[in-house]
Amino acid sequence: MIQPTLRTARLLMVPLADRHFELEVELDSDPEVLRYITGRARSRDEVATSHSQRLALSGTVDGLGYWMAFGSDGGARGTVAPEREDQGDFIGLMMLPPAHGPDQPDDPTVAELGYRLARHCWRRGLASEASQALLAHAFDTVGQSRVIAQTMTVNVGSQGVMKAVGMRYVRTYFPSWDDPISGTESGEVEYEMTREMWKARRDAH
């Protein structure tokens, strides 16, 4: 199984490829988008490094990786997903790589959920919509045992998405940072969805 194209009502999500690099640069040029990640915009060289790392990580567990999301009219409510990426507006980067961070398990059956949306696409429910599709892919297609999501404690918006898709709070932890940004003193939070939780949620609907 290769990393497939995914669709939701409003989003076309295509696997990250080299042709998407300029969109990644555009996304990471907005410091507000990276407020709870780096606290500043990233340079082109920094984005190039991340792009290479993402593509490499996408090949480590079959079916997991990164997707670029496209929508019609910025993914406005009531719109439908475009048929092709060149027919839609860029929405953001959706993430479901294998867990790989220093505060994550070294287990190929555990994936990490993430989302980074262009600012003009915020507050439209798109991160939750994409996350639901990624969770379904993780459990129903790839066969993961668990999906985690991590963010800064002060990032209440991201935590709202995690709660909206049915993930549960696991812990607050305090990583060490070489270059801490505002809010790191409050630590990071982790949420999870297990296969059992997903099955119960799916069956209930």
Side-chain angles (χ1 to χ4, degrees), residues 1-30 32-37 47 50-51 54-55 58 63-97 111-142 144 147-151 155-168 191-193 197-199 201-205:
M1 175 183 59
I2 60 173
Q3 193 181 330
T5 294
L6 302 175
R7 288 182 177 275
T8 70
R10 290 182 289 168
L11 296 174
L12 171 66
M13 298 163 58
V14 299
L16 177 67
D18 284 335
R19 70 179 181 276
H20 299 129
F21 174 67
E22 294 300 332
L23 293 175
E24 290 177 277
V25 171
E26 175 187 325
L27 185 65
D28 283 3
S29 68
D30 185 346
E32 275 301 301
V33 170
L34 299 183
R35 180 179 177 186
Y36 299 111
I37 301 170
V47 178
S50 291
H51 175 77
R54 288 170 184 146
L55 290 182
S58 295
L64 299 184
Y66 299 82
W67 285 259
M68 297 296 264
F70 299 87
S72 303
D73 192 22
R77 297 186 188 278
T79 59
V80 296
E83 287 299 314
R84 304 194 313 265
E85 63 182 87
D86 60 0
Q87 296 175 330
D89 303 322
F90 175 57
I91 301 296
L93 173 66
M94 308 305 174
M95 301 169 252
L96 189 72
E112 180 191 14
L113 176 70
Y115 29 81
R116 188 177 303 175
L117 275 64
R119 199 193 317 186
H120 67 275
C121 301
W122 290 0
R123 299 179 184 87
R124 295 182 174 183
L126 294 168
S128 296
E129 187 171 318
S131 295
Q132 286 283 14
L134 290 176
L135 289 169
H137 176 66
F139 293 114
D140 296 341
T141 303
V142 184
Q144 296 298 99
V147 176
I148 62 173
Q150 298 173 327
T151 191
N155 190 353
V156 295
S158 186
Q159 290 186 63
V161 173
M162 297 170 193
K163 295 172 184 175
V165 298
M167 302 183 86
R168 68 184 173 197
Y191 284 71
E192 71 173 0
M193 175 78 75
M197 289 170 61
W198 173 257
K199 186 176 185 300
R201 184 176 175 86
R202 185 188 59 195
D203 292 349
H205 289 80

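- Side-chain contact between Thr151 and Tyr191: absent, with no pair of heavy atoms (C-beta onward) separated by less than 4.5 Å.
- To the nearest 0.5 Å, the span separating CD on Glu24 from CG on Asp18 amounts to 9.0 Å.
- Considering CH2 of Trp67 and CG of Leu96, their distance stands at 5.0 Å, rounded to 0.5 Å.
- Residue Glu129 is tested with Arg77, Arg124, Arg10, Arg7 for a salt bridge (charged side-chain N to carboxylate O under 4.0 Å, His left out); the sole match is Arg10.
- Nearest heavy atom pair, residue Met193 against residue Phe139, reads O-CZ, 3.2 Å.
- Smallest separation of non-hydrogen atoms from Gly74 and Asp89: N-OD2, 2.8 Å.
- Looking only at side-chain heavy atoms (C-beta outward), Ile37 and Arg116 come within less than 4.5 Å of each other.
- Here the CG-CE distance, from Leu64 to Met95, works out to 14.0 Å after rounding to the nearest 0.5 Å.
- To the nearest 0.5 Å, atoms NZ (Lys163) and CZ (Arg168) are separated by 15.0 Å.
- Checked against side-chain contact (heavy atoms from CB on, under 4.5 Å), Ser128 has the following partners two or more places apart in sequence or in another chain: Val161, Ala164, Val165.
- Side-chain contact between Met13 and Thr8: present, with at least one pair of heavy atoms (C-beta onward) separated by less than 4.5 Å.
- When all heavy atoms are compared, the tightest approach of Ala138 to Val147 is CB-CG2, 3.7 Å.
- Between Gly65 and Ser58 the shortest heavy-atom distance is CA-OG, 3.5 Å.
- Between Leu27 and Phe90, the closest side-chain pair of non-hydrogen atoms falls below 4.5 Å.
- Under the side-chain contact (heavy atoms from CB on, under 4.5 Å) criterion, Thr5 pairs with Leu12, Val14, Pro15, sequence neighbours left out.
- Looking at Asp140 and Arg202, their side chains come closer than 4.5 Å, going by heavy atoms from C-beta outward.
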Kindly indicate, with the supporting measurements, whether the criterion side-chain contact (heavy atoms from CB on, under 4.5 Å) is fulfilled by Arg201 and Leu135.
CA-CA 11 Å; Arg201 184 176 175 86; Leu135 289 169; over 6 Å; no
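- When side chains are defined from C-beta on, His20 does not count as touching Arg54, because their heavy atoms never get closer than 4.5 Å.
- The nearest pair of heavy atoms linking Ile91 to Cys121 is CD1-SG, 3.6 Å.
- Considering all non-hydrogen atoms of both residues, Ala149 and Met162 come closest at CB-CE, 3.7 Å.
- Side-chain contact between Leu6 and Met94 is absent, with no heavy atoms from C-beta onward closer than 4.5 Å.
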Tyr115 vs Ser158, side-chain hydrogen bond (donor to acceptor under 3.5 Å, both in side chains): CA-CA, chis, key distance, verdict
CA-CA 9 Å; Tyr115 29 81; Ser158 186; 3.0 Å; yes
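- Counting only heavy atoms from C-beta outward, the side chains of Val33 and Trp122 approach each other to under 4.5 Å.
- The CG atom of Leu23 lies 10.0 Å from the CG atom of Leu16; values are rounded to the nearest 0.5 Å.
- Of the possible donor and acceptor atoms, one in the side chain of His137 sits under 3.5 Å from a partner among the backbone N and O of Gly63.
- A distance of 12.5 Å separates CD in Gln132 from CG in Leu11, rounded to the nearest 0.5 Å.
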